[in-house]
Engineer: 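First, the structure itself, so that you have it in front of you.
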Number of protein chains: 2
Amino acid sequence: MENPEKPRGGRPRAFDPDAALDAAMHLFWEHGYEATSLAMLREAMGLTPPQIYNAFTDKETLFRKALTRYHETEIGFALEALSAPVSTPEAIRRLLMGAAEAYTRLGKPGGCLFVSGALAASPQAQAIADELRTYRKANEAAIAQRLAKGRAVGDLPETLCVEGFAKYLAGVMNGMSIQARDGASVDELRALAQTALAALPAEGQNQGA
Amino acid sequence: MENPEKPRGGRPRAFDPDAALDAAMHLFWEHGYEATSLAMLREAMGLTPPQIYNAFTDKETLFRKALTRYHETEIGFALEALSAPVSTPEAIRRLLMGAAEAYTRLGKPGGCLFVSGALAASPQAQAIADELRTYRKANEAAIAQRLAKGRAVGDLPETLCVEGFAKYLAGVMNGMSIQARDGASVDELRALAQTALAALPAEGQNQGA
DNA sequence: GATTTTCCATAGTGATCGATACGAAACCTG
DNA sequence: CAGGTTTCGTATCGATCACTATGGAAAATC
């Protein structure tokens, strides 16, 4: 997604921007936006402040790029689950089970960056908190869209409130993120997801693919 | 719970410590521990720094006292629901519905302080994050205890995994806290809670009080 | 009323925050 | 090689952080 060709010559970079962004992402993921200081970023990224600012403008831009990278590299399970050619219950099952795994990966911080990044923030960082909320709302909206499609196809009862059930599922995912941060294992999160799936209305089985 | 009698005389306080603590609690609730600066506390509490430090030792102690106060004044619904002489499903219903209301009170920050206070933290504030996790775990343990009692009485099937289901319910509550912070209304949270209750195993009805 | 004790208000502590000025070094184009 | 451009490393910048030293004011104790 980035410019493959910079405009012109000059002294070349002495570091890999993607690797540096990756290190920053993990640090933000672990400690959140505001609690991650430039000194910590400097050490984790292996860069000097001018290198960071030259490549990423400022801390806020760096965080936003980390969010994009997180979305592209760590959260693929969500789009996969919701767009897979399977029944709606199966899609939801994949969504929650995918979250269970993504939130407890070895070598990664527990939970979801979109939740841990900045649930509460200082007035100065309100824009960051809003950005994260936008990501969470987008997830909920994507779920709602998949549910609406499922209801139209007959996977779900006509009486189901799509927005309400999407809010439930998004809430469960957010709750799983916190449980993961509190030390829950993959299996525990899978069991939680399985329990949550029991709330799915079971009527209106589909008769086609 | 505080000393009703201070050891000896001297100049009396010119402010109400409880009112000041209340203001601090709401600020921590809104912005979290680390993002709440002393300048903000100073303004919200209407006090000078020496007044704050004389009365509350330091920022960390102030936050811990705010946690205790929050637990005593804002979260009573949980203990009430879990200790009420009602069936286990009814107790769980009251727990989730109480959370829906407590997380969306007018004039109060959205969500739960135990979640918003410090989901992610800097290394220096790790102790605070751990303290909050302890509160969340205590909630989960209290739920598990109530479920175990319900299973023993016959309110729940023998096959139910008490710890797993408690983790589900605690996760739903945490998720509701985030949904509240994202702007969900009381009614939306009530609907979410109602959906979550559908995961309750329905067999094994109790035949006594 | 003198002493003691506590609190008040002003001002400022060192440390850390995010972000930069500066000049030398390294690449591309001529 | 010269000219232009970008990044490099070093050494900070002012602002804000949590916190406190100091000295006088106010109330209880003697």
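Proteins get letters first, then strands, A, B, ... in listed order; numbering begins at 1 in each.
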Engineer: Can you identify which nucleotide, out of dT20(C), dC8(D), dC7(C), has its nearest atom closest to the N54(B) side chain?
Structural biologist: dC7(C)
Engineer: Could E90(A) and R93(A) be called an ion pair, given the rule that one side-chain N must be under 4.0 Å from one carboxylate O?
Structural biologist: yes
Engineer: Has R13(A) got a side-chain N or O lying under 4.0 Å from the OP1 or OP2 atom of dT7(D)?
Structural biologist: yes
Engineer: Round to the nearest Å and state the distance from I52(B) atom CD1 to dC7(C) atom P.
Structural biologist: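 The distance from CD1 of I52(B) to P of dC7(C) comes to 15 Å, rounded to the nearest Å.
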Engineer: Rounded to whole angstrom units, what separation is found between the CD atom of E43(B) and the P atom of dC17(D)?
Structural biologist: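 Atom-to-atom, E43(B) to dC17(D), this comes out as 12 Å.
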Engineer: Polar pairs (N or O, both sides) under 3.5 Å between protein and nucleotides 17-19 of chain C?
Structural biologist:
residue, atom, partner, partner atom, Å
dC17(C), OP1, S37(A), OG, 3.4
dG18(C), OP1, T36(A), O, 3.3
dG18(C), OP1, K59(A), NZ, 2.9
dG18(C), OP2, L38(A), N, 2.7
dA19(C), OP2, Y53(A), OH, 2.8
dA19(C), OP2, K59(A), N, 3.0
dA19(C), O5', Y53(A), OH, 3.4

Engineer: Tell me whether the OP1 or OP2 atom of dA9(C) has a side-chain N or O from Q51(B) closer than 4.0 Å.
Structural biologist: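 For dA9(C), OP1/OP2 do have a side-chain N/O of Q51(B) under 4.0 Å.
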Engineer: In Å, rounded to the nearest 0.5 Å, how long is the span from CD1 of I143(A) to CZ of F165(A)?
Structural biologist: 10.0 Å
Engineer: In whole Å, what is the span from the CZ atom of R42(A) to the C1' atom of dT20(C)?
Structural biologist: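 My rounded result for the distance is 14 Å.
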Engineer: Among the nucleotides dA21(C), dT10(C), dC8(C), which one has an atom lying closest to any side-chain atom of P50(A)?
Structural biologist: dA21(C)
Engineer: Find the distance between CG (L197(B)) and CG (L169(B)) and round it off to the nearest 0.5 Å.
Structural biologist: 8.0 Å
Engineer: Among dT6(D), dA9(C), dA25(D), which nucleotide has an atom closest to any side-chain atom of R11(A)?
Structural biologist: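 Between dT6(D), dA9(C), dA25(D), the one nearest the side chain of R11(A) would be dT6(D).
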Engineer: Once you round to the nearest 0.5 Å, how far does CG of D22(B) lie from NE2 of H26(B)?
Structural biologist: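 Answer for the CG-NE2 pair, D22(B) versus H26(B), is 5.5 Å.
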Engineer: Just say parallel, tilted or perpendicular for the rings of F63(B) and F28(B), cut-offs at 30° and 60°.
Structural biologist: perpendicular
Engineer: Salt-bridged, E74(B) to R69(B), with N to O below 4.0 Å?
Structural biologist: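 Not counted as a salt bridge, because no side-chain N and carboxylate O are separated by less than 4.0 Å.
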Engineer: Remember a base hit wins even if backbone is also touched, and classify A55(A) as base, sugar-phosphate or nothing at under 4.0 Å, heavy atoms.
Structural biologist: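 No contact at all - A55(A) keeps every heavy atom at 4.0 Å or more from the nucleic acid.
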